[in-house]
Amino acid sequence: MTENLKVSIRNLNVFYGKKQALFDVSLNIMEKEVTSLIGPSGCGKSTLLKCINRMNDLVEICNINGQILLDSVDINEVSQDPVLLRMKVGMVFQKPNPFPKSIYDNVAFGPRLHGMTKSKEDLDNIVIQSLSKSGLYEEVKDRLYEPGTGLSGGQQQRLCIARALAVNPQILLMDEPCSALDPIATAKIEDLIAELKQQYTIVIVTHSMQQAARVSDRTAYMHMGELIETGMTKTIFSNPQHEKTQDYITGRIG
Amino acid sequence: MTVFLLILISSLAVYGFILNKSKASVMSDTNIMHSQPHYHGLYSAFITLVPAILLLFFWSFIVNMITNITLKDFFSDITDTGLIKFYTDGVIGYAEGATDKIINHAGFMPAVEHYQALQHNNKILQFIVISTLSLMLFRYSLKFVEVEFKARDYIERVIVIVMRASAVFAIFVTIGIVLSLLFETLRFFDSVNVFDFLFGLHWSPQMAIRADQVGSSGSFGAVPVFTGTLLIAFIAMTVATPIGMFSAIYLSQYASENIRSYAKPIIEILAGIPTVVYGFFAVITVAPFFRDMGAFFSFTNMSSESALIAGSVLGIMIIPFVASLTDDALTAVPRSLKEGSLAMGATLSETTKKVIIPASFHGIVGSFLLAVSRAIGETMIVVMAAGFAANLTFNPFDSVSTVTVQIVGLLTGDQEFDSPKTLSAFALAFVLFFITLVLNVISLTIVKKYREEYE
């Protein structure tokens with residue numbers, strides 16, 4: 001396991017209008033590891049996740065202060081471009097959201113958008129590679145030009161992962177990627193996460209503590225907008241330091 | 001007298017409502033009633049009011065019939081039924097004071113007196129019968145307030161009957177309009193060949209007024225009128241499509257909630273402006289503007305009534321349709337798609353262009369087609385701004401005429417309803433109806449299809 005710091009969040013405060021959503025959150029995310037964010041609903045885990053690729057920019061009333069360093073560069077600095085940032089930091093959403101286009105066009109969306117390929121062969125390669133990485137290629141290779149919305153929920157979610165991988169990101173943010181899926185599809189996504197961490201840094205928000213325990217190397221527990229405890233997943237689940245973490249893990253809150 | 005009668009039975013109904021409701025609510029203190037007190041009240045009001053109103057309605061029919069039959073007896077020496085009708089109408093007109101013309105016939109004045117006496121007695125009789133009926137039913141309805149009485153069920157049934165009757169009425173009116181249009185159209189095609197009408201290149205129905213005029217049979221070619229309509233609709237869409245589209249995109253994707261909450265209603269106000277006001281706007285503001293522009297570019301054959309003026313003002317009129325429906329289509333695209341695209345590093349305009357518009361394409365097309373059928377059916381603006389001359393031209397600076405304008409021209413003033421000239425209006429209207437019907441069906445099918453996509 002490499003111990004390189006990929007993202008460093010320092011004293012982050014987030015406000016939605018007058019309401020403060022995150023309080024002085026500091027968190028380190030290591031390269032090529034899976035970090036899971038757990039906590040009861042409304043504790044700010046998705047908000048924290050969305051800060052890492054600046055999706056909160058889209059919420060007009062959202063105000064952020066504090067630092068988020070990606071490879072030691074503050075992503076919120078004026079010189080930093082959100083478009084380039086989001087190429088480096090891909091995102092997978094709670095509900096599978098393939099575009100109403102063909103499977104091929106879904107995966108090719110990012111490379112085409114950013115002009116990453118010169119020829120049709122290059123693009124074909126990227127699409128096939130990305131679909132292979134997300135474990136979907138074998139299932140869809142005969143119907144690449146059929147609509148992506150026609151796939152099953154689990155396949156759609158893996159299509160969305162392939163779409164995110166196609167622009168060759170360094171970090172993958174996953175916002176409860178399995179909450180709309182059945183157990184079998186969930187197991188496939190979890191296997192996929194284990195494979196993907198060889199190449200990518202992954203941050204996953206999850207409601208399922210079992211999932212966090214299964215897939216992640218590090219876990220951060222959040223409560224009411226505050227980061228309560230963070231550490232190696234094994235330690236957090238076997239020997240939580242904080243009373244609130246213990247209560248949540250044992251099912252007393254949340 | 002009738003007004004007084006109506007007030008009387010309405011107050012009885014209100015009184016019945018109050019009485020039964022209060023009686024039922026007292027009863028409900030100690031019992032579990034089948035129906036809520038206000039149902040008992042409504043039941044009484046219904047029983048009191050409706051039969052009386054129905055009787056009043058049919059009363060006038062019956063009385064009119066009786067009057068006509070008895071009046072005819074005064075003119076029994078006349079054999080011509082048309083003349084008898086003329087005389088009886090004269091009697092009624094004189095007796096009612098609508099005219100002071102006395103017809104020179106022995107039976108006239110006696111008939112007038114008979115009519116007046118009949119009317120007088122009728123009013124009194126009507127008042128007595130209907131108020132008695134209403135009073136009796138009112139008294140009768142008071143007995144029904146009981147724990148077990150199913151007033152709610154009766155009222156529910158009445159409501160269903162009323163709604164069903166309204167729906168049937170609306171449907172039959174539609175069918176009636178279409179049929180009347182169809183029959184007059186068929187009459188028109190008795191005198192003019194269908195193909196001459198649909199494919200003829202010359203439209204001048206005015207020449208057919210007198211049978212001895214040259215060209216009286218060959219002037220019903222509808223092509224110029226329909227090309228005029230299409231030309232103006234095309235110009236209107238050229239104006240409305242980009243403006244409506246862009247404002248919809250701005251409102252749905254870029255504008256803040258605050259701006260949107262002001263801007264959308266303001267755009268929709270445009271849809272509420274009466275079209276005749278747009279007509280003023282076309283004649284007073286837009287026409288001089290185009291004329292001055294023409295003069296500025298040394299373009300002299302700029303007519304003050306042209307397809308361009310009518311079309312552009314018509315375009316302004318349909319902007320809200322395009323904008324509002326397109327906006328609905330764009331906002332119906334799930335937020336998750338927008339976020340998915342933005343998270344891929346697409347800018348807002350790339351997202352709109354590559355994800356949101358393709359996803360809502362059906363809805364956008366549907367809104368355009370609805371706007372086109374609005375444009376084709378519009379009359380007032382075109383009457384005021386495009387002129388009456390049915391030129392076969394695609395030059396937007398020429399004066400053209402549209403189907404609706406021709407219909408207005410053909411049917412204003414005194415018309416004989418057996419000449420092809422007048423009947424041609426129905427044929428035009430029928431074809432126009434058919435075109436807009438097809439457009440509406442297509443657009444509604446498309447809109448429906450796109451609605452299903454995300455549900």
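Order of the sequence lines fixes the chain letters, A, B, ..., with proteins taken first and strands second; residue numbering starts at 1 for each chain.
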Which bit of [X] comes within less than 4.5 Å of chain B, counting heavy atoms only: side chain, backbone, both or neither?
| X | answer |
| --- | --- |
| V89(A) | backbone |
| K88(A) | neither |
| P169(A) | neither |
| L58(A) | side chain |

Give me the atom names and distance for the closest heavy-atom approach of R163(A) to M344(B).
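Taking R163(A) first and M344(B) second, the nearest heavy atoms are O-CE, 3.0 Å.
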
For a quick test of reading the model, state the closest non-hydrogen atom pair linking N97(A) to G340(B) and the distance between them.
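Where N97(A) meets G340(B) most closely, the heavy atoms are ND2-CA, 3.4 Å.
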
Can you tell me how far CD of E339(B) sits from CG of D175(A), rounded to the nearest 0.5 angstrom?
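Here the interatomic distance stands at 9.0 Å.
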
Which atoms of K354(B) come close to chain A, meaning under 4.5 Å heavy atom to heavy atom: side chain ones, backbone ones, both, or neither?
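For K354(B), the contact with chain A is made by backbone and side chain together.
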
Among K101(A), R86(A), M91(A), single out the residue with the greatest number of heavy-atom pairs under 4.5 Å to chain B.
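Of the candidates given, the most pairs with chain B belong to R86(A).
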
Is the count of non-hydrogen atoms from other residues, nucleotides or ligands lying under 6.0 Å from [X] atom [atom1] greater than 12?
| X | atom1 | value |
| --- | --- | --- |
| Y254(B) | OH | yes |
| F15(A) | CZ | yes |
| K120(A) | NZ | yes |

Does any part of the side chain of L337(B), heavy atoms only, come nearer than 4.5 Å to the side chain of P100(A), both counted from C-beta?
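Yes; the side chains approach each other to less than 4.5 Å.
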
Checking V59(A) now: which residues fulfil side chain to side chain contact (heavy atoms under 4.5 Å, CB included) with it, not counting sequence neighbours?
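Expected list: Y16(A), N56(A), I61(A), C62(A).
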
Does any pair with a residue in residues 73-129 of chain A pass ring pair (Phe, Tyr, Trp, His ring centres under 6.0 Å), and if so which ones, sequence neighbours excluded?
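The answer is F99(A)-F109(A), Y104(A)-Y145(A).
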
Contacts with chain B made by residues 43-54 of chain A (heavy-atom distance under 4.5 Å), listed by residue number:
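Residues of residues 43-54 of chain A touching chain B at under 4.5 Å: K50(A), N53(A).
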
Using a heavy-atom cutoff of under 4.5 Å, enumerate the residues of residues 178-186 of chain A that contact chain B, numbered in order, or state 'none'.
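Contacts with chain B: none.
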
